[in-house]
Amino acid sequence: MSYPDSPVTIGEHIRKRRMELKLLQSDVAECFDVSTDCITFWEKNRSNPQIKFFPKIISFLGYNPLAFDESTLSGKIKAYRYRTGTTSYMLANLLKVDQSTVTEWENGKRIPAPKHLIKLKALLDIQV
């Protein structure tokens, strides 16, 4: 596999960092507690990491490879979920709403009710 000068996909970001650190795929797999095949699939863009792996990916890379518009509430929610590895289902349970409600918030199709905004403010440490 070639060295990705300008990584675009998550897999390319991981491969670039792994190569910079002169690590084997098995070394990275151990860091993420996944199989070597999993790292291979990510690097070859055959599959994407589940959100639960993003805190470790962000730590490994030293940055978040995903860009979110954190000037919006929907972007702040998405960024929070990826930084913490929180699925929309987990966030929905935490806020006592339906999973589809979280998805609608993230897509900007729905604005949280005031009682949910208060909980989101505390959770995301933001001004609403």
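Nothing here was measured: the structure is a model prediction, and the numbers come from that model.
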Novice: Nearest 0.5 Å please: distance from the CG atom of L23 over to the CD1 atom of I39.
Specialist: 10.5 Å
Novice: Would you sort out whether V28 and V34 count as a side chain to side chain contact (heavy atoms under 4.5 Å, CB included), showing the intermediate values?
Specialist: CA-CA 9 Å; V28 177; V34 297; over 6 Å; no
Novice: Hey, could you give me the CZ/NZ distance between R83 and K76, rounded to the nearest 0.5 Å?
Specialist: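 Answer rounded to 0.5 Å: 10.5 Å.
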Novice: Is Y80 reachable from V97 through a run of I, L, V, M, F, W or Y residues, each pair having side-chain heavy atoms under 4.5 Å apart?
Specialist: yes
Novice: So, S35 and D37: side-chain donor and acceptor under 3.5 Å apart, yes or no?
Specialist: no
Novice: In terms of the angle between their ring planes, are F32 and F60 parallel, tilted or perpendicular, with boundaries placed at 30° and 60°?
Specialist: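 Answer is perpendicular, since the angle exceeds 60°.
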Novice: With heavy-atom distances below 4.5 Å as the criterion, would you say the side chains of L73 and I111 are in contact?
Specialist: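 L73 vs I111: side chains apart.
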Novice: Can you name the closest pair of heavy atoms from L120 and P112 and give their distance?
Specialist: CD1-CG, 3.7 Å
Novice: Give the minimum heavy-atom separation between S74 and G108, together with the two atoms involved.
Specialist: CB-N, 4.3 Å
Novice: So how far is it from I51 CD1 to T84 OG1, rounded to the nearest 0.5 Å?
Specialist: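 Result: 7.0 Å between the selected atoms.
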Novice: Could you give the distance from CD (Q50) to SG (C38), rounded to the nearest 0.5 Å?
Specialist: 8.0 Å
Novice: I'd like to know if the side chain of T40 reaches the main chain of T36, judged simply by a donor and an acceptor atom lying under 3.5 Å from each other, with no hydrogens or angles considered.
Specialist: yes
Novice: Between F68 and I57, is there shared hydrophobic-cluster membership here, with clusters defined by ILVMFWY side-chain heavy atoms closer than 4.5 Å?
Specialist: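 The answer is yes; both residues are in one hydrophobic cluster.
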Novice: Under a plain distance cut-off of 3.5 Å, with no hydrogens placed, do S88 and Q99 share a side-chain donor-acceptor pair?
Specialist: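 Note: Q99 and S88 side chains meet the donor-acceptor criterion.
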Novice: Is there a donor-acceptor pair under 3.5 Å between the side chain of E12 and the backbone N or O of V8?
Specialist: yes
Novice: With a 4.5 Å heavy-atom cut-off, do K16 and L61 have their side chains touching?
Specialist: no
Novice: Would you mind reporting whether D33 and K56 have side-chain heavy atoms less than 4.5 Å apart?
Specialist: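 K56 vs D33: side chains touch.
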Novice: Inspect the surroundings of OH in Y89 and state if more than 12 heavy atoms from other residues, nucleotides or ligands are less than 6.0 Å away.
Specialist: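 Not more than 12 within 6.0 Å, no.
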Novice: Going by heavy atoms in the side chains, are W42 and S47 under 4.5 Å from each other?
Specialist: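 Of all side-chain heavy-atom pairs linking S47 with W42, at least one is under 4.5 Å.
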Novice: Where does the angle between the aromatic ring planes of Y82 and F54 fall among parallel (under 30°), tilted (30 to 60°) and perpendicular (over 60°)?
Specialist: perpendicular
Novice: Test your reading of the model: is there a side-chain donor-acceptor pair from D27 to the backbone of L24, 3.5 Å cut-off?
Specialist: yes
Novice: Could you tell me which non-hydrogen atom of E43 sits nearest to which non-hydrogen atom of Q25, and how far apart they are?
Specialist: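 Residues E43 and Q25, closest heavy atoms: OE1-NE2, 2.8 Å.
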Novice: Would you kindly confirm whether L95 and M90 end up in one hydrophobic cluster when ILVMFWY residues are joined by side chain heavy atoms under 4.5 Å apart?
Specialist: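 No, L95 and M90 fall in different hydrophobic clusters.
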Novice: Contact between L91 and W105 at the side-chain level, heavy atoms closer than 4.5 Å - yes or no?
Specialist: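 No, too far: nothing below the 4.5 Å cut-off.
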Novice: Measure the spacing between CG of N64 and CD of E70 and express it to the nearest 0.5 Å.
Specialist: 8.0 Å
Novice: Donor-acceptor pair, R81 side chain versus T86 backbone, under 3.5 Å?
Specialist: yes
Novice: Of the non-hydrogen atoms in E106 and K78, which two are nearest, and what is the gap between them?
Specialist: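 Taking every non-hydrogen atom into account, O-CE, 3.2 Å.
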Novice: Please report the closest heavy-atom contact between P49 and I10, naming both atoms and the distance.
Specialist: CG-CG2, 3.7 Å
